[in-house]
Amino acid sequence: MQLFRTLLLSAALCIMLPAAAQQYRGRASFYSNAFQGNRMSDGTPYDKDKLTCAHRSLPLGTMLKVTNPKNGKSVVVKVTDRGPHQRRLLIDLSRKAAEELDMVRQGVAEVVVEVMPKTTGKE
């Protein structure tokens, strides 16, 4: 009986706890200024001054928190395009996002990418 109560309590706690955020580690690069105005996968034109990114598989419109672990700087970006096309890269960032992460000088940086929870707009 004690085992049953323990299992029941454990199951209840698991249901009440929020799901862990999806996190990925990898390398990020950023779009060249030559892409300014080109159409993104979501149909909008690329704007180097907006906080956007490209990811191979996450749904378009997904919000991501990208952190540069070397300096602790973070930025929230929206997935608007597909890519990067180089397999060694996890994500392509807009110029503005790369600037906020302080990674423009090196061109490529190790990052931690966290999928942000969806908001319902009712809060």
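Positions are given from 1, in the same order as the sequence printed here.
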Looking only at atom types and distance, does a side-chain atom of [X] sit under 3.5 Å from a main-chain N or O of [Y], one as donor and one as acceptor?
X   : Y    : result
N38 : Y46  : no
R82 : H55  : yes
S94 : K50  : yes
S32 : A34  : yes
Q22 : E114 : no

Item to check | R39 side chain reached by P45 side chain, heavy atoms, under 4.5 Å | outcome: yes
Checklist entry - Less than 4.5 Å apart, any side-chain heavy atom of R95 and any of N33? => result yes
Next on the checklist: Can you tell me if R105 has over 12 outside heavy atoms packed within less than 6.0 Å of its CZ?
Outcome noted: no
Between [X] and [Y], what is the shortest heavy-atom contact and its length?
X   : Y   : value
L93 : A28 : CD1-CB, 4.1 Å
P84 : A54 : CD-O, 4.0 Å
L64 : C53 : CD1-SG, 3.9 Å
K65 : S74 : CE-OG, 3.6 Å

Are [Y] and [X] linked, directly or through intermediate hydrophobic residues, by side-chain heavy-atom contacts shorter than 4.5 Å (ILVMFWY only)?
X    : Y    : value
V115 : V75  : yes
F30  : V112 : no
L51  : M40  : no
L101 : M63  : no
L89  : L58  : no

Checklist entry - Are side-chain N/O atoms of D42 and T80 paired as donor and acceptor at under 3.5 Å? => result no
Checklist entry - Are Y31 and D81 close enough that a side-chain donor and a side-chain acceptor fall under 3.5 Å? => result yes
Item to check | Step-by-step side chain to side chain contact (heavy atoms under 4.5 Å, CB included) determination, V77 to T52 | outcome: CA-CA 5 Å; V77 295; T52 61; 5.7 Å; no
Checklist entry - What do the steps show when you test R56 against R87 for side chain to side chain contact (heavy atoms under 4.5 Å, CB included), and what is the final call? => result CA-CA 10 Å; R56 278 188 281 282; R87 286 284 172 210; 2.8 Å; yes
Checklist entry - Is it true that E110 and R27 make a salt bridge, defined as a side-chain N closer than 4.0 Å to a carboxylate O? => result yes
